[in-house]
Amino acid sequence: MKKSAFALTRRATAVALLAAPLLAPFAVHAADYPSKPIKFIVPYTPGGTTDLVARTVGQKVSEKLGQPVLIDNRGGAGGNIGMDAVAKAAPDGYTIGFGAISTNALNPHIYKSMAFDPRKDFTAISLLGTSTIVLEVPAASAIKSVPDLIAAAKKNPGLPYATAGAGTSMNLAGVMFAQMTGTDLVHVAYKGSGPAITDMLGNNIGVMFDNLPASLPHIQAGKLRALAVAGPARSPSLPDVPTMAEAGLKGYALDPWFGVYGPAKLPAPIVKALNEAFVEALAMPDVKAKLQQAGFSPRSSTAQELTTLTDTEYKRLGEVAKKAGMTAD
């Protein structure tokens with residue numbers, strides 16, 4: 001027997017009513033977003049580049065969205081601990097994370113086990129910008145240039161160097177340096193830039209690759225000596241410091257990037273609201289001036305652009321890590 005249009009309509013209505021409780025929470029959250037504070041997880045300890053950028057930009061995002069943006073520092077495992085918390089959070093827009101070239105592109109290729117897959121477990125929101133890596137030594141060090149460091153490393157195989165953690169872009173910078181100079185350097189991984197800089201200032205370790213914003217105040221105060229920057233061009237904050245290429249390592253260039261990510265399956269309206277807030281914040285003259293003065297280059301993007309960058313860098317750095325034999329526990 002052919003079913004009447006009324007019966008079909010009644011059945012469709014019933015199905016819709018049954019499905020409504022499952023769909024409603026997401027629709028309501030997206031429509032009312034945000035209605036409570038947003039947790040912004042920074043997967044590194046306080047005092048580093050990510051912390052500075054997150055707090056500066058987070059304040060403006062808070063003003064734009066009308067809700068507090070609470071910075072939650074969760075350092076450890078090269079940023080994996082903090083970003084794992086983001087991956088496992090509810091996709092409601094109230095937990096976002098400060099991802100990086102390391103956590104979202106490099107780490108999966110060097111850590112023996114990963115609790116998340118950066119290609120599947122996140123929703124890209126916006127690029128935040130790029131940082132400059134600086135090669136530095138204590139001010140009292142006898143090493144005054146890159147050639148001096150190369151000579152010292154060849155004379156003393158196993159020369160240690162500090163970074164903010166295993167698998168970070170600074171770690172990659174050190175690996176590239178050792179490869180290109182034919183030296184044997186030993187990586188000493190700290191839980192963030194802050195503790196490493198403290199040991200540098202105390203002359204407990206003699207060489208460090210660091211993101212410039214964390215070290216810049218100490219360089220400007222004359223407590224640390226910058227030997228070179230890792231990017232393709234000199235930093236406006238350190239115009240007299242050469243690039244690695246200018247210091248003799250032709251072809252050496254590394255520009256760490258950072259971005260905002262949410263958990264996978266974040267609703268499109270929430271992604272749009274967050275993206276617009278971060279884009280607006282990064283374009284503010286006072287924000288740009290503060291970050292640039294600290295050695296960070298702010299730059300926003302669409303969510304799709306960050307997704308594409310993440311995928312591209314994941315593949316590229318996988319080849320770099322394999323060639324270098326990089327590993328981390």
Side-chain angles (χ1 to χ4, degrees), residues 48-49 100-102 105-106 110 129-139 141-190 193 196-197 200 205-216 218-220 224-258 292 294-297 299 313 316-317 319-326:
T49 299
I101 184 176
S102 52
L106 177 62
I110 66 175
T130 60
S131 182
T132 298
I133 293 177
V134 60
L135 169 59
E136 61 196 13
V137 296
S141 174
I143 297 173
K144 301 185 184 300
S145 66
V146 170
D148 284 351
L149 175 58
I150 295 172
K154 289 186 174 181
K155 184 177 181 180
N156 303 289
L159 184 71
Y161 72 93
T163 74
T168 60
S169 53
M170 292 81 83
N171 181 188
L172 180 61
V175 168
M176 289 172 57
F177 183 90
Q179 281 187 332
M180 295 183 70
T181 58
T183 54
D184 177 19
L185 302 180
V186 174
H187 180 220
V188 180
Y190 285 78
S193 292
I197 290 173
M200 283 282 288
I205 193 161
V207 180
M208 182 175 179
F209 287 87
D210 192 28
N211 272 320
L212 183 56
S215 287
L216 185 59
H218 305 288
I219 294 171
Q220 293 173 329
L224 295 177
R225 177 186 300 130
L227 303 182
V229 293
R234 293 194 181 198
S235 168
S237 301
L238 296 173
D240 297 327
V241 176
T243 64
M244 290 284 197
E246 290 174 332
L249 276 67
K250 292 185 178 180
Y252 188 115
L254 180 62
D255 262 339
W257 51 264
F258 304 87
Q292 289 172 342
F296 186 84
S297 300
R299 181 162 66 90
E313 288 285 83
R316 181 181 74 87
L317 294 181
E319 296 175 359
V320 172
K322 183 178 181 180
K323 182 179 179 181
M326 291 181 69

Flag the pair [X] / [Y] as yes when at least one side-chain heavy-atom distance between them is below 4.5 Å, and no otherwise.
{"X": "Ile150", "Y": "Phe177", "value": "yes"}
{"X": "Leu149", "Y": "Val137", "value": "no"}
{"X": "Val146", "Y": "Thr181", "value": "no"}
{"X": "Met208", "Y": "Leu224", "value": "no"}
{"X": "Gln292", "Y": "Ser297", "value": "no"}
{"X": "Ile101", "Y": "Asp255", "value": "no"}
{"X": "Ile205", "Y": "Tyr190", "value": "yes"}
{"X": "Ile133", "Y": "Pro256", "value": "yes"}

Nearest 0.5 Å, what's the [atom1]-[atom2] distance between [X] and [Y]?
{"X": "Leu135", "Y": "Thr243", "atom1": "CG", "atom2": "OG1", "answer": "12.0 Å"}
{"X": "Asn156", "Y": "Thr183", "atom1": "CG", "atom2": "OG1", "answer": "11.5 Å"}
{"X": "Lys154", "Y": "Leu159", "atom1": "NZ", "atom2": "CG", "answer": "13.0 Å"}
{"X": "Leu216", "Y": "Ser235", "atom1": "CG", "atom2": "OG", "answer": "7.0 Å"}
{"X": "Ser102", "Y": "Leu172", "atom1": "OG", "atom2": "CG", "answer": "9.5 Å"}
{"X": "Met170", "Y": "Thr163", "atom1": "CE", "atom2": "OG1", "answer": "6.0 Å"}

- Without hydrogens or angle criteria, can the side chains of Ser215 and Asp210 be said to hold a donor-acceptor pair below 3.5 Å? yes
For the student: nearest non-hydrogen atoms of [X] and [Y], plus distance:
{"X": "Ala152", "Y": "Ile143", "answer": "CB-CD1, 4.0 Å"}
{"X": "Pro213", "Y": "Thr132", "answer": "CD-O, 4.5 Å"}
{"X": "Tyr252", "Y": "Ala173", "answer": "OH-O, 2.7 Å"}
{"X": "Leu227", "Y": "Lys144", "answer": "CD2-C, 3.6 Å"}
{"X": "Ser193", "Y": "Ala214", "answer": "CB-CB, 3.8 Å"}
{"X": "Ser131", "Y": "Phe258", "answer": "CB-CE1, 3.5 Å"}

- Should the heavy atoms of other residues, nucleotides or ligands under 6.0 Å from CZ of Arg234 be counted, would the total exceed 12? yes
- When you look at Met244 and Met176, which way does the side chain to side chain contact (heavy atoms under 4.5 Å, CB included) test go after all the steps? CA-CA 11 Å; Met244 290 284 197; Met176 289 172 57; over 6 Å; no
- Query: Any ion pair linking Lys322 and Glu319 (charged N to carboxylate O, less than 4.0 Å)?
  - Reply: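 Salt bridge absent between Glu319 and Lys322.
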- side-chain hydrogen bond (donor to acceptor under 3.5 Å, both in side chains) against Thr168, all qualifying residues, sequence neighbours excluded: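 Expected list: none.
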